[in-house]
**Q** 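I have a structure I would like to understand better, so I am pasting it below and will then ask my questions one at a time.
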Amino acid sequence: MLNTAVSIGSDSSRSLPHYSSFSRPAGPVSLQTAGRALCEAPGTPSGLQFDEEFLETKEQLQKLQDGNHLLFQQVPMVEIDGMKLVQTRSILHYIAEKHHLFGKDLKERTLIDMYVEGTLDLLELIIMHPFLKPDDQQKEVVNMAQKAIIRYFPVFEKVLREHGQRFLVGNQLSLADVILLQTILALEEKIPNILSAFPHLQEFTVKISNIPTIKKFLEPGSKKKPPPDDIYVRTVYNIFMP
Ligand SMILES: N[C@@H](CCC(=O)N[C@@H](CS)C(=O)NCC(=O)O)C(=O)O
């Protein structure tokens, strides 16, 4: 899979794949990814600080591979707490666990995991969208909208309606909320009225977006990824295609 899926931010190097390193008081952390992504999400509510250096060439990737920094020769990689983490889900889970975004017990954790995995299935469609042929892109927007409106959003709308909390699981923020917010925001870039039939999700989006650390991340000038553009697509191809 062309995993543009995990990264922690981008700017005018906008949406370029990148190698990044970041640090927080607990110790050095470094992150390496390819494009707009998922890892930015769980670190965000915790106020995780990081610096970035973008992967822009095949040679940069090769250097990381040759240096044995990548367990399976792939990005994303996050260097944190003395480990070099790879595999998107493993990275997400580690950061979520570390920052108390993974529920209070096994049942909550599993519920969060199910919500996250379902949402990621939708988010991955969005992430892959720029790599489709131009003729297929419009059709895929329709497909994504249908998937969101028929399959995924009704589930979360019902959860929020019945649960009565502002969060999906328990009474505190979890990885499920963060990934869902990320997915809604990414989808709204393509389909602005995607939430029109989902009042609880609209409220959810506003409330979660206003959590101070998340709000800051969503403001201009942060490390949040902008929508992918042609330069991003070309760069990803140049780096990862043989
Ligand atoms: N299962 C891995 C897939 C990672 C992946 O496919 N990475 C691609 C970039 S998007 C890569 O590094 N490709 C280089 C290679 O395989 O040599 C994950 O979820 O992190």
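Whatever order the structure lists them in is the order used to number ligands and atoms, beginning at 1. These numbers come from the heavy atoms of this one structure, side chains and all, not from hydrogens, waters or symmetry mates.
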**Q** For His129 and Glu140, which I'm curious about, is there any donor-acceptor pair between the side chains at under 3.5 Å?
**A** no

**Q** Within ligand 1, which atoms have a heavy atom of Gln65 less than 4.0 Å away?
**A** 17 (O)

**Q** Side-chain heavy atoms under 4.5 angstrom apart, residues restricted to Ile, Leu, Val, Met, Phe, Trp, Tyr: same cluster for Leu187 and Val141?
**A** yes

**Q** Any idea which atoms of ligand 1 are less than 4.0 Å away from a heavy-atom of Gln87?
**A** 1 (N), 2 (C), 18 (C), 19 (O), 20 (O)

**Q** Centroid-to-centroid, Tyr237 to Phe131, below 6.0 Å?
**A** yes

**Q** Give the contacting part of Gln73 toward ligand 1: side chain, backbone, both or neither, where contact means a heavy-atom distance below 4.0 Å.
**A** backbone

**Q** Which pair of heavy atoms, one from Asp177 and one from Ile208, lies closest together, and at what distance?
**A** CB-CD1, 4.5 Å

**Q** Is ligand 1 under 4.0 Å from a heavy atom in the side chain of Phe240, in the backbone, in both, or in neither?
**A** side chain

**Q** If you measure from atom 4 (C) of ligand 1 to every heavy atom of Val75, Ile239, Leu85, which option wins on shortest distance?
**A** Val75

**Q** Compare every heavy atom of Thr235 with every heavy atom of Leu55, then report the nearest pair and how far apart it is.
**A** O-CG2, 4.3 Å

